[in-house]
There are 2 protein chains.
Amino acid sequence: MSAGRDIDALIEMLAKLPGLGPRSARRAVLQLVRKRELLLMPLADLMHEVAVNVRECTRCGNISEGPVCPICLDQKRANGELCVVEDVADLWAMERSGNFKGRYHVLGGTLSALDAVGPEELRIPDLVQRVEDEGVTEVILALNATIDGQTTAHYIADQLEGTVRLTSLAQGVPIGGELDYLDDGTITAALRARKEL
Amino acid sequence: MSAGRDIDALIEMLAKLPGLGPRSARRAVLQLVRKRELLLMPLADLMHEVAVNVRECTRCGNISEGPVCPICLDQKRANGELCVVEDVADLWAMERSGNFKGRYHVLGGTLSALDAVGPEELRIPDLVQRVEDEGVTEVILALNATIDGQTTAHYIADQLEGTVRLTSLAQGVPIGGELDYLDDGTITAALRARKEL
Ligand SMILES: [Zn+2]
Ligand SMILES: [Zn+2]
């Protein structure tokens, strides 16, 4: 570009973020530079903090500023319900819907023959262990309504059959739909109408 | 949200950037955390560098990693042509078009009675001074085709009349159009067909 090496590098790096292309990255950098004290400095500090402190919750796979995330630490959420989601974005979507009071288990993806993703890559063994250890009474499979999502749900149901009540989100999740794109009301409705597997 | 104070703050701050809303900010944070070493750490460092080092070029108003920007430092660009733009985004748009070989003067906005922006707020006195001091032979007014942009162009033309050749971008700039939204070819065509004021 024409302003210097660091600025060009910053534009290039921001343009890699989801939702930003080169043009919005340029606009973003100009705004950051214009609001150095109010936006750029705090953002740099915050990113540094997050880079140093944030990791995966060792229990559920949520991202967390300590070894165990706030949801796993919250004793009020030990109600025996465990909601299995594909990734952290889906966990956040469930939380935004505001109606689930239990805990989560983040798989970190779905089984996929094509991408050679097996159960070991997905925290499925951890899930089986948690159901044994944590007094779980119901596992809610909140996986996306995709082929891989449903294959994964069936595999997990097989693993847990007979040990626990198994349900899945039902009404309201459109075919092929992804949780993170749904409005809160739809998620709430799907949770209320969850059905036995 | 559900992951911690710093993460929530980071999402909130990123959502303020142009082009990002809350949803893409959440996605961005998840990607940043996933790519801690490759993306989050370097981005935090780069933002810190930029926050510390980047300022306005004291000559032209471009943003710059030193007191004077690379364009003003480049002796090959001292060809007597000075292109006046509203803001740095417009300077970058001109540079991307790749056909202007002179230097710039960034006004930092347009005259506006409504917003009480007068010539003193806009580096217009600096512009008159530069034309005197720097052997400028032609001032190209590359202001946006908006009412305020054209008002500002006329004001500057009045100030400089008789001291220098005055031109403006012409063919190709659509009515109400903003430079930063135009493709490079259009800008090049407008530059080639520039006309005397
Ligand atoms: Zn957790
Ligand atoms: Zn400069």
**Q** Any chance CD of A/Glu121 has more than 12 other-residue heavy atoms, nucleotides or ligands included, within less than 6.0 Å?
**A** yes
**Q** With side chains defined as the heavy atoms from C-beta onward, is the minimum distance between A/Ile63 and B/Ile7 less than 4.5 Å?
**A** yes
**Q** Would you say that B/Asp87 contacts A/Leu30 through its side chain, given a criterion of any heavy-atom pair below 4.5 Å between the two side chains?
**A** no
**Q** A side-chain contact here means heavy atoms from C-beta on lying under 4.5 Å apart; do A/Leu46 and B/Asp6 qualify?
**A** yes
**Q** Can you tell me which portion of A/Val88 sits under 4.5 Å from chain B's heavy atoms? Options are side chain, backbone, both or neither.
**A** both
**Q** Is there a side-chain contact between B/Leu10 and A/Leu43, using heavy atoms and a 4.5 Å cut-off?
**A** yes
**Q** Counting C-beta onward and ignoring hydrogens, is there a side-chain heavy-atom pair between B/Arg96 and A/Arg26 closer than 4.5 Å?
**A** yes
**Q** Roughly how far apart are B/Leu20 CG and A/Leu20 CG, rounded to 0.5 Å?
**A** 4.0 Å
**Q** Taking B/Gly66, B/Ala9, B/Ala25 one by one, which has the highest count of heavy-atom pairs under 4.5 Å against chain A?
**A** B/Ala9
**Q** Measuring from atom CE of A/Met13 to atom CG of B/Leu40, what distance do you get when rounded to the nearest 0.5 angstrom?
**A** 10.5 Å
**Q** Can you tell which of A/Cys57, A/Ala28, A/Gly21 has the highest number of heavy-atom pairs within less than 4.5 Å of chain B?
**A** A/Ala28
**Q** When heavy-atom pairs shorter than 4.5 Å are enumerated against chain B, which of A/Val54, A/Leu17, A/Asn53, A/Leu14 gives the highest number?
**A** A/Val54
**Q** Is there a side-chain contact between A/Arg55 and B/Arg36 (heavy atoms, below 4.5 Å)?
**A** yes
**Q** In the structure I gave you, are the side-chain heavy atoms of A/Met47 and B/Leu39 within less than 4.5 Å of one another anywhere?
**A** no
**Q** Quick check on the interface: out of B/Gln31, B/Arg34, B/Glu56, B/Lys35, who has the most heavy-atom pairs with chain A under 4.5 Å?
**A** B/Gln31
**Q** State the CH2-CD1 distance between B/Trp92 and A/Ile11, to the nearest 0.5 angstrom.
**A** 3.5 Å
**Q** So for A/Arg23, is it side chain, backbone, both, or neither that comes closer than 4.5 Å to the heavy atoms of chain B?
**A** side chain
**Q** Which of the residues A/Ser24, A/Ala51, A/Pro42 is involved in the greatest number of heavy-atom pairs with chain B at under 4.5 angstrom?
**A** A/Ala51
**Q** I'd like to know whether CD1 of B/Ile147 has more than 12 heavy-atom contacts from other residues, nucleotides or ligands below 6.0 angstrom.
**A** no
**Q** Is there a path of hydrophobic side-chain contacts, each under 4.5 Å between heavy atoms, that joins B/Met41 and B/Val50?
**A** no
**Q** I need the B/Leu32 CG to A/Lys16 NZ distance, nearest 0.5 Å.
**A** 11.5 Å
**Q** For A/Arg27, is it the side chain, the backbone, both or neither that has a heavy atom under 4.5 Å from a heavy atom of chain B?
**A** both
